[in-house]
Enquirer: 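Provided herewith is a single structure, encoded as structure tokens, for subsequent inquiry.
One-based numbering, in listed order, for ligands and for the atoms of each. Heavy-atom basis, side chains included; hydrogens, waters and symmetry copies ignored.
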Amino acid sequence: MTDASLVERRLRALGPGLRQFYDFPFHPVRGEGVRLYDAEGLEYLDAYNNVPHVGHGHPHVVAAIARQAARLNGNTRYLDETILDYAERLLASLPRGLDTAVFVCTGSEANDLALRLARAFTGGSGATASTTAYHGNTVAISALDVSRSPDPPQPWVATVPPPPEGDPDGTAYERGFEQAIAALAGRGHRLAAAYFDTTFANEGLDKPTPAQMERAVGRIHGAGGLYVADEIQAGLGRMGDAMWGFQRLGATPDLVTMGKPMGNGHPIGILVTRREILEAFHKRDRYFNTFGGNPVSCAAGIAVLEVMERERLQANAACVGAYLTARLDEISRQHGEIGRILGAGFFQGVEVRRPSGEEPAPDAARRVMNEMARRGVLVGLTGPARNLLKIRPPMVFARADADRLAETLDAVLADGFGQPN
Ligand SMILES: Cc1ncc(COP(=O)(O)O)c(C=O)c1O
């Protein structure tokens, strides 16, 4: 079947709303480590996909899924050691006090449940998120995404600007929370939950300083609200210098949500919180998730943690990530259209801007991304202006892969794809 006829079938069966990633049809049929292979056998370096966290088709994860699927699949209402082993191993990686896990299937479900728990515990109803945040697709959580919602903002949602530069003691960042909390109060909503994507990717990958975060969380707690750390992108060592993104920011969250990378492609979502918060929820409500925490998913989750440890993948993200930053810095010095290199570890952004100045150049960034894919290197786009090339590979990305990425980017820029049209 040709790619053209697949495009037509896709349009007919899945509808017109589902965009394709690149401006040409991309049809991968096999993956291994950081490589994808398309239907014609062409090989691609995958520097974009964070869901296959320990690499596409990792044999240890595949075997664990197959073994557990052959033995038994079930749910969290039965006694099951695989579920408990996974929960205990995860909880051991978190600060004391974050002692209870609830299993769901997606990041959106984890964030949705976090809101329900926060409301039950605090008695408030309001929530804050950053002006460009994305935390998921349920009715409640998509309301946090004020910048992209077609509907007027919900009265229980208020947005906060990203952490400003030049705010040494955090007062300016805190003021954003103060104003959001006051706006909520003015509409009759006391703060329940403040959401942070701990990569700050949609904000442009600039994270707050510890002083800014301390002031922000102090203000949230002062208003009776809870701090939700959304680890769906940052978690499991991706940033290199910490297992969880919130550990890079300072303050300890009240609720932590996890998703994407946890099962290496198997759908796992998790909410971790303090026992008292879950208990407050269970006093008035109940929660059961049919597939959340099923033993096959948990076997996949355990296998991912084992590979992380055995292959020292967090250290790999720190070390190869730093090497990649250095290579990208070199490129930014040679090409005027490349600005700052942002992020850390295996979540980095390359700023594409107009060569004459600081102005973002999202169209040029898109052209560079598409041309890199044509030349066999997959990256994405992020940032409020969508002008950052998003580099977010599986954790087994090696130095030679960083070299290939840098050389391809350099060549694509030398051929003029980063220039304004
Ligand atoms: C930061 C963040 N939170 C939540 C989600 C939602 O996760 P899911 O698509 O698994 O529901 C995403 C997905 O892109 C995300 O990037």
Enquirer: Less than 4.5 Å apart, any side-chain heavy atom of T138 and any of L115?
Expert: no

Enquirer: Evaluate the criterion salt bridge (charged side-chain N to carboxylate O under 4.0 Å, His left out) for residue pair D403 and R327; output intermediate values, then yes/no.
Expert: CA-CA 8 Å; D403 285 332; R327 293 289 327 248; 2.6 Å; yes

Enquirer: Examine R119 relative to W156 and say whether NZ or CZ is less than 6.0 Å from the centre of the six-membered ring and inside a 45° cone about the ring axis.
Expert: yes

Enquirer: Between S149 (side chain only) and D145 (backbone N and O only), is there a donor and an acceptor less than 3.5 Å apart?
Expert: no

Enquirer: So that I know where these two stand, are F346 and F397 an aromatic pair - ring centroids less than 6.0 Å apart?
Expert: yes

Enquirer: By the salt bridge (Lys or Arg N to Asp or Glu O under 4.0 Å) test, which pairs, at least two apart or in different chains, include something from residues 54-78?
Expert: none

Enquirer: Taking only heavy atoms of the protein into account, state which residues are under 4.0 angstrom from an atom of ligand 1, in chain and number order.
Expert: T106, G107, S108, N111, Y134, H135, G136, D197, D230, I232, Q233, K260

